[in-house]
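Below is one structure, written out as structure tokens; comments come after it.
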Amino acid sequence: MTQTSESVTWLTQEAYDQLKAELEYLSGPARTEIATKIAAAREEGDLRENGGYHAAKEEQGKQELRVRQLTQLLENAKVGEAPTISGVVAPGMVVTIAFDGDEDDTMTFLLASREYASADVETYSPQSPLGTGVMGKKVGEDAQYEMPNGNKASVKILEATPYQG
């Protein structure tokens, strides 16, 4: 299978190991636990009015969706080192941009997989329109990206530093 840059997710070894451990748990012990819950609820009788059964089945569905997401993510992951050099926009960098060159209208975000969304800083995927537009740019350079409405937006890279999460 040939991977396009849009299907690749860049992860540090630590991130890859963490996601792989989650997948192994969900594929093994968690599946057993949910199957036990479903079997116990099924024994309670009429399934049409069995809230525990329906809740367990819904939980199972969410769990299986997460298993599929993690499987796909890890299949398309490239493992590398977290960036350590500031100044160039790349996955794993915290980027500050100015819209239309206006240094009073700025935004700071982490350029990374949504798996690394943080409460500390907003996260944008490297495959997002903004992520694609700023990728590889250096501090001081301008970048353009296409907004959802089809218009082009121009931003200036003010800062790019490694995420210290």
Side-chain angles (χ1 to χ4, degrees), residues 1-31 34 58-165:
M1 176 176 120
T2 305
Q3 291 181 342
T4 64
S5 63
E6 282 147 27
S7 67
V8 173
T9 300
W10 292 92
L11 298 171
T12 63
Q13 186 64 54
E14 178 185 8
Y16 181 87
D17 292 345
Q18 182 181 0
L19 295 172
K20 189 161 179 54
E22 181 184 353
L23 176 61
E24 288 171 1
Y25 170 74
L26 290 175
S27 298
R31 273 190 177 145
I34 196 69
E58 185 175 327
E59 183 181 341
Q60 181 186 41
K62 289 177 184 177
Q63 188 173 302
E64 291 304 316
L65 175 61
R66 181 68 176 154
V67 166
R68 286 191 302 276
Q69 289 171 334
L70 287 171
T71 300
Q72 183 178 15
L73 179 79
L74 293 172
E75 283 175 356
N76 295 322
K78 288 224 183 252
V79 178
E81 291 300 312
T84 56
I85 299 172
S86 298
V88 178
V89 179
M93 301 294 280
V94 175
V95 182
T96 302
I97 57 172
F99 293 95
D100 295 320
D102 178 359
E103 295 196 20
D104 290 329
D105 186 12
T106 65
M107 178 174 76
T108 300
F109 60 92
L110 170 62
L111 188 63
S113 165
R114 292 275 177 198
E115 299 297 322
Y116 279 90
S118 161
D120 298 338
V121 64
E122 192 164 357
T123 303
Y124 281 84
S125 165
Q127 292 82 26
S128 70
L130 176 59
T132 302
V134 299
M135 183 72 74
K137 299 290 184 183
K138 295 178 180 152
V139 170
E141 290 184 338
D142 292 324
Q144 282 199 335
Y145 68 99
E146 189 172 322
M147 297 186 301
N149 65 7
N151 293 337
K152 295 271 188 202
S154 180
V155 297
K156 181 175 186 172
I157 310 300
L158 300 180
E159 193 174 359
T161 57
Y163 179 60
Q164 301 300 317

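Computation of the quantities below employed the complete heavy-atom set of this structure, encompassing side-chain atoms and omitting hydrogens, waters and symmetry-equivalent molecules.
- Rounding to the nearest 0.5 Å places CD of E146 at 11.0 Å from OG1 of T132.
- For the pair E24 and P29, the tightest heavy-atom approach, listed with the atom from each and the gap, is O-CD, 3.8 Å.
- A heavy-atom distance below 4.5 Å is not found between the side chains of D105 and D100.
- Taken from OG in S125 to CZ in F109, the straight-line distance is 11.0 Å, to the nearest 0.5 Å.
- Taking the side chain as every heavy atom from C-beta outward, P91 and M135 approach each other to under 4.5 Å.
- To the nearest 0.5 Å, the span separating NZ on K20 from CG on L73 amounts to 12.0 Å.
- Across all their heavy atoms, K138 and I157 have their closest contact at O-CB, 3.6 Å.
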Quick one, Y145 with I97, criterion side-chain contact (heavy atoms from CB on, under 4.5 Å). Give me CA distance, side-chain angles, the key distance, then yes/no.
CA-CA 12 Å; Y145 68 99; I97 57 172; 5.5 Å; no

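- The CD atom of E122 sits 4.0 Å away from atom OH of Y124, with the distance rounded to the nearest 0.5 Å.
- Residues T108 and T96 share a closest heavy-atom pair of OG1-OG1, 2.9 Å.
- Residue E64 holds its CD atom at 9.5 Å from OG1 of T71, rounded to the nearest 0.5 Å.
- Under a 3.5 Å cut-off, the side chain of Q63 and the backbone N or O of A30 do form a donor-acceptor pair.
- Across all their heavy atoms, G131 and L111 have their closest contact at CA-CD1, 3.6 Å.
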I'd like to know whether L70 forms a side-chain contact (heavy atoms from CB on, under 4.5 Å) with E22, so could you lay out the CA-CA distance, the side-chain angles of the two residues, the decisive distance to 0.1 Å, and finally the verdict.
CA-CA 8 Å; L70 287 171; E22 181 184 353; 3.7 Å; yes

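- E58 and K62 are joined by a salt bridge, as a carboxylate oxygen and a charged side-chain nitrogen come within less than 4.0 angstrom of each other.
- R31 is not listed as a side-chain neighbour of L26, based on a closest heavy-atom distance of 4.5 Å or more.
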Could you go through Q69 and L23, starting from their C-alpha distance and side-chain angles, then the distance that decides it, and tell me whether this counts as side-chain contact (heavy atoms from CB on, under 4.5 Å)?
CA-CA 9 Å; Q69 289 171 334; L23 176 61; over 6 Å; no

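- R66 CZ to S27 OG: the interatomic distance, rounded to the nearest 0.5 Å, is 11.5 Å.
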Trace of the side-chain contact (heavy atoms from CB on, under 4.5 Å) decision for M147 with L130
CA-CA 8 Å; M147 297 186 301; L130 176 59; over 6 Å; no

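- The minimum heavy-atom distance between F99 and T106, with the atom names listed, is CE1-C, 4.4 Å.
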